[in-house]
Amino acid sequence: MKVLVIGSGGREHALVWKLSQSSKVSRLYCSPGNPGIAELAECLPMKATAIDGLLAFAKSEQIDLTVVGPEQPLADGIVDAFESNGLTIFGPTRRAAELEWSKAFAKEFMQRHNIPTASYKIFSQEEIQAAREYLATSRLPVVVKADGLAAGKGVIVCTTLDQALSALNDIKKQFGFAGNRIIVEEFLEGEEASMFAICDGANFVTLATAQDHKRVFDGDRGKNTGGMGAYAPAAIVTQDILHDVEERIIRPTLRGMALEGRPYKGCLFVGLMITAAGPNVVEYNCRFGDPETQVVLPLYPGDILELFEAACENALGALREPSFNHSTRNAAVCVVLASQGYPDEYPTGIEIQGLDELSGLNNVMAFHAGTKLFNGALVTAGGRVLGITAVKNNLLDAIHDAYQAVNHVSFAGMQYRRDIGRKALLH
Ligand code: AMP
Ligand code: GLY
């Protein structure tokens, strides 16, 4: 089969890496890809949002399956475009992806279908005065969110009323259309976890749960980032909680979306808050998470291509591959190596050393996120540069091996967290 992966980050490198292990894949393409991906797939020069060009390529090359990494092309309707041309593509339609591209839609959907989530109120730009009054009566902390896609920057957790009022103004100013509507939400107390369900519109298979480390510094301090590392499976998600999430969140989500005429096919990423009262949805994403994918896919024991194919053919119900078995002891840890200054301004074009020393290690993967080749040398090209992942039969050893591998790699200004996976050991 000819397979095309769309995107260029660590998530897409992990997808390409996993797909490259499938005996059914004969040609693997990625657009636009990165230098790490280029070792496994043929990279194309089109951006992930260049839907017309990608479609033309998939048609002329007779691509059998396309897998979409990032949310923007999904929100732009890449799945609709491919399907109306008779092409098979793994991902939700534009209308199904609304679970991610409109937080207001997602909240109202959850309310309609009785899916546990924080209580909330939605305000339009014209209702900003009412929003101010509502905030003045809200319990603190309170969460203020932009409705639309905001590259992970549209959520502000506010501990004072002043902060909440300025968050309201900032969202309006910063996000334009994305901030057209604003959601004010109850703050949920608990621990977060990420869960990915591979869905075919009616049935699903869950993959390993994971925990991201969003803050830039050790001990969950400093600014929010795209994610500084992850581990899987998430210690907080016991077998009972997992069952709860499947029955009270994922199944009703798929049923509700089908009922509303937007059957959900693709990877449904549920961002969870595990509270004392049980799991709640913090957000839905309509795609794989990054960096979580870099630890979740290495733990998947089967052929991921078969799973994606079955999802596209509405055949997950008949698949023998079970959902992730949480009694497994295997664990994966991914440490993100980031540029100096990230998540704020950072330099690029800095030479990366030592990666070749990792190629002999069979349980370690160096997933590229923001790298490029310049005059034959591998240099930094983004905030998150590399994701160093190790897989072992227990978490402590996986942590150990990941950091051993990190020690081989360097570039000027490289920063990373030293405590990825540590929070699991508290359970
Ligand atoms: P989101 O982009 O919706 O995932 O939100 C980003 C981060 O904000 C989440 O990962 C949480 O850490 C935090 N957050 C969002 N909503 C809530 C909430 N209702 N209660 C507590 N924390 C939240
Ligand atoms: N790791 C969070 C995300 O991909 O949105």
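What you see below is based on every heavy atom in this structure, not just the backbone, and it leaves out hydrogens, waters and symmetry mates. Remember, it's 1-based here, ligands and their atoms both numbered in the order they're listed.
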> Once rounded to the nearest 0.5 Å, what's the spacing between atom CZ of Arg287 and atom CD1 of Ile6?
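Nearest 0.5 Å value for the CZ-CD1 distance: 15.0 Å.
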
> Mind listing the closest non-hydrogen atom pair of Ala48 and Pro70 along with its distance?
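Nearest heavy atoms, Ala48 then Pro70: CB-CG, 3.9 Å.
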
> Heavy-atom contacts with Lys145 under 4.0 Å: which atoms of ligand 1 show up? List them by number with element.
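Once the distances to Lys145 are compared, the set is 3 (O), 15 (C), 16 (N).
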
> Which atoms from ligand 2 have a heavy atom of Gly289 less than 4.0 Å away?
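Answer, ordered by atom number: 4 (O).
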
> Just which atoms of ligand 1 are under 4.0 Å from any heavy atom in Lys214?
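Within the 4.0 Å cut-off of Lys214, ligand 1 contributes 10 (O).
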
> Using heavy atoms and a threshold below 4.0 Å, how should the contact between Phe288 and ligand 2 be classified: side chain, backbone, both, or neither?
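No part of Phe288 is near ligand 2 at this cut-off.
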
> May I ask you to decide whether Lys103 forms a salt bridge with Glu283, counting only side-chain N to carboxylate O separations under 4.0 Å?
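Salt bridge present between Lys103 and Glu283.
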
> State plainly whether the residues Asp344 and Lys223 are in salt-bridge range, i.e. N to O under 4.0 Å.
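Yes.
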
> Given Met273, Glu186, Glu192, Glu189, which has its nearest heavy atom closest to atom 9 (C) of ligand 1?
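Residue with the shortest heavy-atom distance to the ligand atom: Glu192.
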
> Heavy-atom contacts with Asp212 under 4.0 Å: which atoms of ligand 2 show up? List them by number with element.
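Reading through ligand 2 atom by atom, the close ones are 1 (N), 2 (C).
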
> Would you tell me whether Thr159 and Gln163 have side-chain atoms, one donor and one acceptor, within less than 3.5 Å of each other?
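The criterion, which ignores hydrogens and geometry beyond distance, is satisfied for Gln163 and Thr159.
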
> Answer yes when Asp200 and Lys265 have at least one side-chain N-carboxylate O distance shorter than 4.0 Å, and no when they do not.
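Between Lys265 and Asp200 there is no salt bridge, as every charged N stays at least 4.0 Å from the carboxylate O atoms.
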
> Are Val3 and Val16 side-chain neighbours, meaning at least one heavy-atom pair lies under 4.5 Å?
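Counting from C-beta outward, Val3 and Val16 never come under 4.5 Å.
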
> Considering only protein heavy atoms, which is closest to atom 7 (C) of ligand 1, and at what distance to one decimal place?
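For atom 7 (C) of ligand 1, the nearest protein heavy atom is Val155 CG1, 4.3 Å.
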
> Any idea which of Asn285, Val282, Ile183, Asn224 brings a heavy atom closest to atom 14 (N) of ligand 1?
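The nearest heavy atom belongs to Val282.
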
> Using a 4.0 Å heavy-atom threshold (strictly under), name the region of Leu188 that reaches ligand 1: side chain, backbone, both or neither.
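Within the 4.0 Å criterion, Leu188 contacts ligand 1 through backbone and side-chain atoms alike.
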
> At what distance is the nearest protein heavy atom to atom 19 (N) of ligand 1, and which residue and atom is it?
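Checking every protein heavy atom, the shortest distance to atom 19 (N) of ligand 1 gives Glu185 OE2, 2.7 Å.
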
> Taking distance alone, with N or O pairs closer than 3.5 Å, would you say Arg11 contacts ligand 2?
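Checking ligand 2 against Arg11, no N or O pair falls under 3.5 Å apart.
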
> Tell me the nearest of Arg287, Glu283, Glu100, Glu292 to atom 5 (O) of ligand 2, using heavy-atom distances.
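It is Arg287 whose heavy atom sits nearest to atom 5 (O) of ligand 2.
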
> Give me the nearest non-hydrogen protein atom to atom 13 (C) of ligand 1 as residue plus atom name, then the distance to 0.1 Å.
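Looking only at protein heavy atoms, the one closest to atom 13 (C) of ligand 1 is Val157 CG2, 4.1 Å.
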
> Find all atoms of ligand 1 within a distance of less than 4.0 Å from any non-hydrogen atom belonging to Val143, and give their numbers and elements.
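Ligand 1 atoms under the 4.0 Å threshold to Val143: 16 (N), 17 (C), 18 (C), 19 (N), 20 (N).
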
> Going by atom types alone, do Glu292 and Gln211 pair a side-chain donor with an acceptor below 3.5 Å?
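Per modelled atom types, Glu292 and Gln211 side chains form no pair under 3.5 Å.
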
> Would you mind running through ligand 2 and noting each atom that sits below 4.0 Å from a heavy atom of Asn285?
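Reading through ligand 2 atom by atom, the close ones are 5 (O).
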
> Could you tell me if the side chain of Cys30 sits less than 4.5 Å from the side chain of His13, heavy atoms only?
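The answer is no, as the side chains (C-beta and beyond) never meet within the 4.5 Å cut-off.
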
> Is a side-chain N or O of Arg181 found less than 3.5 angstrom from the main chain of Ser102, in a donor-acceptor match?
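A pair under 3.5 Å: no.
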
